[in-house]
There are 2 protein chains.
Amino acid sequence: MSGTQRLPVTGAQGELLRLVATGQAESRADLARLSGLAASSVSLRVEELLEARLLVEEGPGTSRGGRRPRRLRLAPGAGVLAVADLGAHHARLGLLDLSGTPLAVEEHVTDIAAGPETVLDWLAGAFEDLVAAHAPPGVPLRGVGTGIPGPVDPATGRVVSPSRMPGWNNYPVADHLAGRFDLPVLVENDANLMAVGEARHWPEADNLMVVKAGTGIGCGVIVGGRLHRGRGAAGDISHVRVRTDSSVMCSCGHPDCLEAYASGAALMAALAEAGIHVDRPAGIVGLVGDAVPEATSLVRAAGRLIGEVLTVLVNFFNPDVVAVGGSLSAAEPLITSIRAAVYERCLPLATRDLEIAAARAGRDAALLGAGALLLEAVL
Amino acid sequence: MSGTQRLPVTGAQGELLRLVATGQAESRADLARLSGLAASSVSLRVEELLEARLLVEEGPGTSRGGRRPRRLRLAPGAGVLAVADLGAHHARLGLLDLSGTPLAVEEHVTDIAAGPETVLDWLAGAFEDLVAAHAPPGVPLRGVGTGIPGPVDPATGRVVSPSRMPGWNNYPVADHLAGRFDLPVLVENDANLMAVGEARHWPEADNLMVVKAGTGIGCGVIVGGRLHRGRGAAGDISHVRVRTDSSVMCSCGHPDCLEAYASGAALMAALAEAGIHVDRPAGIVGLVGDAVPEATSLVRAAGRLIGEVLTVLVNFFNPDVVAVGGSLSAAEPLITSIRAAVYERCLPLATRDLEIAAARAGRDAALLGAGALLLEAVL
DNA sequence: CCGCTTGTCTTCGATATCGAAGGAAGTTGC
DNA sequence: GCAACTTCCTTCGATATCGAAGACAAGCGG
């Protein structure tokens, strides 16, 4: 995180604005309940925010048995955020309003291997185009953020020892973007962003694990409603040793990593050996939908392996929800076999109220997560 | 947690008192830094606390380059806490002052299988004796707490599906104790208490795993400085499937649990088969100290299995510290082989700044942890 | 229709906190 | 030994927040 420009709000105002932006609060009474401030203080601050044209009032809401609340919403002119989710070969870009609602989403073909300077300069230009094309006139850009398919040091915004991003090691991504935009800048691992975006869709859950099953296998962890980073590398599950008959060496130098068996890349390689060629993990989902037996059986085996790894983590972390996303998650047998493995092997106490389900946030989860984290930096 | 009586302090005062009690702050300046309050506000509140005889001033401290601070300490008369760590066959009891310093510690022989009523009535009596014998005259008991060798529902203070505590399932332990003491009551899993006590000794660490290697294998998790409970069962590592040649059925109904190979109970059974009989896990430590080859080799193998399980969790959770405690942890080869397994198999990024070490808090870790958690309920 | 209950929002005096300024009591460097 | 700095703590006026009381606006039941 870096950059300087924030919205002109004082502490308490920022807190209130955030509660409205995230959709947790819709009225002054909601704000009083959630912020812990006295109702009178809330009224005063809201008055100021209305005057500053950051909030707007929007007619009466529905009564809960008494007087109807006066609904509050973020002013459309309060600002926009430009966010991206950089993948190995594709990038999704989005322009969001401050409440995290997408105004525009684009997908571009990129090559992360072109190196950080090239990719980030392109990204900055694409952000500018996005704002020019889709931001309402006069509405300022308040922050930019991007997800990276590799580990990110949250303190410095640098990429650290990425496995598939040649030329990016230790590159100061946040500083580079801050050089182009004098705004709050967010740089974060893509699975972490996805987890944050997903967490918004599970408001009852305090603790969740979000597994991203795509070309690789990633995982983001939400503890107590907040992203858990550990020392910056938390959430890795792809280099866990799995129980298998054969033995395969992983790119990390160890044998039998989960990634070498259950990642989209591994499945594509296995299919190719069977003479079936697909160019993206999403292609595997198509094959499963067409009931191609090799694909279904491979996906099922992958789900079982992922599930076996998750048993350890579910016993240990005891989450409320395990959400499975990523392009492979659209294959129904994947989640079914993950669920079977976890329920079979975990302690009853750990699975008692555990929900294992497909991700709810959809393809833009990481963009929404970036918006959510950026909001905290902006307000 | 239940009971009613709290110290007569207002919100801000409680926060300040806690910072002094936990040893984090020793002067008004410390309090201002740590609490985030203005120095002037701190002075006012401290003034009140001195007047209420909850704090005392204790001569000048050492200068940090300027005027010497006036040291603050909790008044000895502010109160005491009675805490216990119930095990299967032994119970440790302690009387602590509000800063968590033990005034007296006792160990008793008990039998948890005698059932909750018997054990808890005995415990309440023992607490009363402890206060009568060791609390300074006129100093009130402010709270009671106990650790339980099984899962505890934090919301209700009930024991949930314990594996080795016949008659305790779903018993309302906290309510029972609250019936005897009209005070804040704490009931918590023993490994969790140990983790909290241990965390005090690693002030630089935000995230730790504390492994308790004794008769069983437990684990407590500290995230962001606070105990992670999940849905109440977090921290279980003993029923993870391990990679072994043989196959052993665990009491939980699944094959090849860690506990069936690497727990003190398992090691004792294995030694017995070799004709070597010990009656407590601590006896194994003695054998290792005497360089009995069977014992050393068994402990080493146990360490390796525990370490292999920890690799998964270290990659996922990415803690600052893994502390190994429990009676077996005194055997040096245990920690050595845990460390070897973790460093060999984990991602370099996860082990970069990871410390794997013997627990620092000693045998009273759980008692100190109970004191720390109780303090939050009392202040 | 009318009181009763529930919930929302504002008004206004009481209270808590802040922040700038300054005095007190040290250390450091020359 | 003395000036310059640092840290600790307090004083005092400005500001933010609180909480009780009440006005307002609905639903509910007779």
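Heavy-atom basis, side chains included; hydrogens, waters and symmetry copies ignored. Labels below follow one simple rule: chain letters A, B, ... track the order of the sequence lines, proteins then strands, and each chain is numbered from 1.
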Fill in: Atom-pair distance (CG on B/L72; P on D/dC9), nearest Å
7 Å
Worksheet entry | Distance, rounded to the nearest Å, where A/R33 contributes CZ and C/dC9 contributes C1' | 12 Å
Discussion item. Under 4.0 Å, counting only non-hydrogen atoms across every strand here, what does B/A12 touch: a base, just sugar-phosphate, or nothing?
Written reply: sugar-phosphate
Worksheet item: In Å, rounded to the nearest 0.5 Å, how long is the span from CG of A/L98 to CZ of A/R18?
Response: 12.0 Å
Item to complete: Return the value, rounded to whole Å, for the distance between atom CG of B/L44 and atom P of D/dT11.
Response: 9 Å
Fill in: Heavy-atom closest contact (A/R68 atom, A/P60 atom, distance)
NE-CB, 4.0 Å
Worksheet item: What's the CG-P distance between B/L49 and C/dA16, to the nearest Å?
Response: 13 Å
Worksheet item: Which letters describe nucleotides 25-30 of chain D, given B = protein heavy atom under 4.0 Å from base, S = only from sugar-phosphate, - = neither?
Response: BBS---
Discussion item. Any base atoms under 4.0 Å from A/G36, or only sugar-phosphate, or nothing? Heavy atoms, all strands.
Written reply: sugar-phosphate
Discussion item. Nearest whole Å is fine: how far is C/dC9 P from A/R45 CZ?
Written reply: 17 Å
Worksheet item: Closest nucleotide of DNA chain D for A/S41 versus for B/V42: which of these residues is on the 5' side?
Response: B/V42
Practice prompt. Rounded to the nearest angstrom, tell me the gap between atom CD in B/Q13 and atom P in C/dT15.
Written response: 15 Å
Fill in: Shortest non-hydrogen separation from A/A323 to A/A359 and the atoms involved
CB-CA, 4.3 Å
Discussion item. Using a heavy-atom cut-off of 4.0 Å across all strands, would you classify B/A29 as base, sugar-phosphate, or nothing?
Written reply: sugar-phosphate
Worksheet entry | Rounded distance (nearest 0.5 Å) linking atom CG of A/L373 with atom CG of A/L193 | 6.0 Å
Discussion item. How many whole angstroms separate atom CG of B/L31 from atom C1' of D/dT7?
Written reply: 15 Å
Response to the item:
Closest non-hydrogen contact found for B/Q24 with B/L34 is O-CD1, 3.3 Å
Worksheet entry | Nearest-angstrom distance from the residue atom CZ of B/R28 to C1' of C/dA24 | 13 Å
Discussion item. Could you report the tightest heavy-atom contact between B/I222 and B/A199, atom names first, then the distance?
Written reply: CG1-CB, 4.0 Å
Discussion item. Quick check: closest heavy atoms across B/N318 and A/A234, and the distance to 0.1 Å?
Written reply: ND2-N, 3.3 Å
Worksheet item: Which listed nucleotide (C/dT17, D/dT11, C/dT8) is nearest to the side chain of B/S40?
Response: D/dT11
Worksheet item: From C/dT10, D/dC9, D/dA16, pick the nucleotide closest to the side chain of B/R70?
Response: D/dC9
